[in-house]
There are 2 protein chains.
Amino acid sequence: MKNFQYYTPTKVVFGKDTEEQTGALVKEQGGSKVLLHYGSGSVKRSGLKDRVCASLEKAGIAYVELGGVVPNPRLSLVRQGIELCRKEGVDFILAVGGGSAIDSAKAIAYGVKYDGDVWDFYLKKSFPEAAAPVGVVLTLAATGSEMSNSSVITNEEGWLKRGCNSDLGRPRFAVMNPELTYTLPEYQTMSGCVDIMMHTLERWFSHEKDTELTDYLAESVLKTVMHAAKVLLKDPENYDARAEVMWAGSLSHNGLTGCGRDGDWACHQLEHELSGMFDVAHGAGLSAVWGSWARYVCQSDVDRFAKLAVDVLNVPYDYANPERTALEGIEAMEAFFRSIHMPVSLTELGVQVSDEQIEELAYKCSFQETRTIGGVRALGRKDMEEIYRMAR
Amino acid sequence: MKNFQYYTPTKVVFGKDTEEQTGALVKEQGGSKVLLHYGSGSVKRSGLKDRVCASLEKAGIAYVELGGVVPNPRLSLVRQGIELCRKEGVDFILAVGGGSAIDSAKAIAYGVKYDGDVWDFYLKKSFPEAAAPVGVVLTLAATGSEMSNSSVITNEEGWLKRGCNSDLGRPRFAVMNPELTYTLPEYQTMSGCVDIMMHTLERWFSHEKDTELTDYLAESVLKTVMHAAKVLLKDPENYDARAEVMWAGSLSHNGLTGCGRDGDWACHQLEHELSGMFDVAHGAGLSAVWGSWARYVCQSDVDRFAKLAVDVLNVPYDYANPERTALEGIEAMEAFFRSIHMPVSLTELGVQVSDEQIEELAYKCSFQETRTIGGVRALGRKDMEEIYRMAR
């Protein structure tokens, strides 16, 4: 087991009607003027925004609003938010929404305390040394951003999608009412489930093998989400299944499933370029490339792929031919993705990628050939191209 | 799933040589003068105290010392600590040790910010509204106090052992180097393993069944500790097994294994009276009563006991007779305890309890017949007497 740090200060307030506690939670954190940051009109239509505002007013918290966050949240709106916070004297950023609103809120929180350009943090030219406090009212179980240190922003100039990780950005609280996710379209719910699985899997694939508890915990998240996703296909208003997925989402990305080991984030990195270029749903993009990545790297860690097959996907272990078990596991995972109507190729994702585009994706993903990605096997530009090609 | 709150702000710094970071961590938390609180001479003999002091000095942190914490930590030393902190202007309490030192440190932290008698909090006459910050350098994996909100103190006047739970007491950081536990006697290591298992099991036994992820997580902790304990019997300096147990100890009691449900803390409460009266090792006291408690209440939740048998203890499920599976599970758990040299009766614990003492234990445990304990089945004074009797 490797040395590790585990730090999850976010106070989770989980369950029915918990959004009514939002104002009190902001007050507990010392906030007096809030930026209410959200996406489309759905939080208005559902009445959630009104309930959150009522809770803020009840606690005597002033607020200004900035809506308009889109999936793959944009740098231009972040900049607008920073300006608004400065102008209005905002001291607390409250995201009402899913990962996009939260990631955008974190970026605003970094930017408002920084004299330079907030994009510096995403280019790793600089690192946040301070951040305004962030709180969350979660409406979508997917990215785990409500407890994570991560924020991913897309710069429209060049459609670059880049991440910034800092413990300063971890939300102070997360209000999580599973009922708020009842009305999500199936595609979004299932994309979320895949995202949660991938946050877990990409930590689980690791050369560090002596992490028994962390393995078990990660496999717990995987099995729970796979079961709940199937329940939600038939019964989208099943409270317990919604709750399992929502809680799994937070645990999948707050660090718990990676304690004591490195991970392999190749699929996330391959997908970031895809959704940067084609603006696809993140989870769907992940399921579209995972199988190709897995087949490409499987030989480099047959044991681990076989463990996935047996311990998570109920494939019987072939003692004489572990590689066969490993490959059956990859097939079983793809079969699961299909069963929840998620794509397992770029075509199924609805994206036609030309040879030139594949070269461009790999070029960007390799940071102009200055980095490799992946832990199971280090992948350079040519490997990335091959995986994108396999995934077509 | 029930509504829940999950709050674990403790920064865990886990792994080899991490005690060298202690001073920097105190500084990060704004501490300038520390009470170094520890137990016996073992932290001196091992050189750990010197390393921690060197780290404090390097960070420019002043400190005063208060050793002498004993298992089942005493109220009198807590009072002494409070006085010392006030006299010396201490602003940070650093426990170097196991659960006893940490629980004592938390009590001092509450007391130093309170005008009344700190024992009020343990009698539930009052609740902490402030606490000095606490940090931990952990030397024993057992109580999980390094991340928990709980502190248990024994008042020598009447040998009452009582707990106080408050999020204000959660340590700001926990330095966890598994190597520091290499030299523990086997009995203490195995008592710790039982304590960790019981923190998990007592949350796991719950009438709330729709907590699939929480179930999996708890079972992960149980399986990991049971495996690692067996490794440590033969190889007490196995780093990975020590690390698994240490990390499991924190997760078993920080709230994670109970999210979304009530637990059943009857065994802990039965044991508190035992160790209050006989000063036995907490974990050993727990294994000594668990089987009797389990048999006494099993009929009230056969399904849950059967699940424990099958999902944790690898007992095959008897579809025609689930109760048989449940009872086999209880036997399997006791067999496990014996295999790690832990007692499964009061006699094996080394305690001869008279009928009068059993009456006294039950009278105290029922708070003079003013409360019942337990969730699987509510237990009154007569039930407690019967369980103590069965455990003899």
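Below, chain A is the first sequence line, B the second, and so on; all start at residue 1. FYI, side chains are in, hydrogens and waters are out, and symmetry mates aren't considered; it's all heavy atoms of this structure.
Here CE of B:Met246 is found 11.0 Å from CE of A:Met1. Values are rounded to the nearest 0.5 Å. One distance of note links CG of B:Leu256 with OG1 of A:Thr8; it measures 9.0 Å at 0.5 Å rounding.
No other option in B:Leu217, B:Val13, B:Asp167 has as many heavy-atom pairs under 4.5 Å with chain A as B:Leu217. Taking chain B as the reference chain and counting heavy-atom pairs below 4.5 Å, the highest number among A:Leu251, A:Asp240, A:Thr214 is found for A:Asp240. Comparing A:Asn177, A:Thr18, A:Thr211, A:Asp17 by how many heavy-atom pairs each has under 4.5 Å with chain B, the most go to A:Thr211.
Both the backbone and the side chain of A:Val221 come within less than 4.5 Å of a heavy atom in chain B. Of the two parts of A:Tyr239, only the side chain, counted from C-beta on, holds a non-hydrogen atom closer than 4.5 Å to a non-hydrogen atom of chain B.
Two residues are said to be in side-chain contact when any heavy atoms from C-beta on lie closer than 4.5 Å; A:Trp247 and B:Cys259 meet this criterion. B:Glu212 is not listed as a side-chain neighbour of A:Lys223, based on a closest heavy-atom distance of 4.5 Å or more. No side-chain heavy atom of B:Met176 sits less than 4.5 Å from a side-chain heavy atom of A:Tyr6. By the 4.5 Å heavy-atom criterion applied to side chains, A:Phe4 and B:Val12 are counted as neighbours.
For the pair B:Asn3 and A:Gly15, the tightest heavy-atom approach, listed with the atom from each and the gap, is OD1-CA, 3.0 Å.
A:Lys58 NZ: 12 or fewer foreign heavy atoms inside a 6.0 Å radius.
At least one donor-acceptor pair closer than 3.5 Å links the side chain of B:Glu244 to the backbone N or O of A:Leu213.
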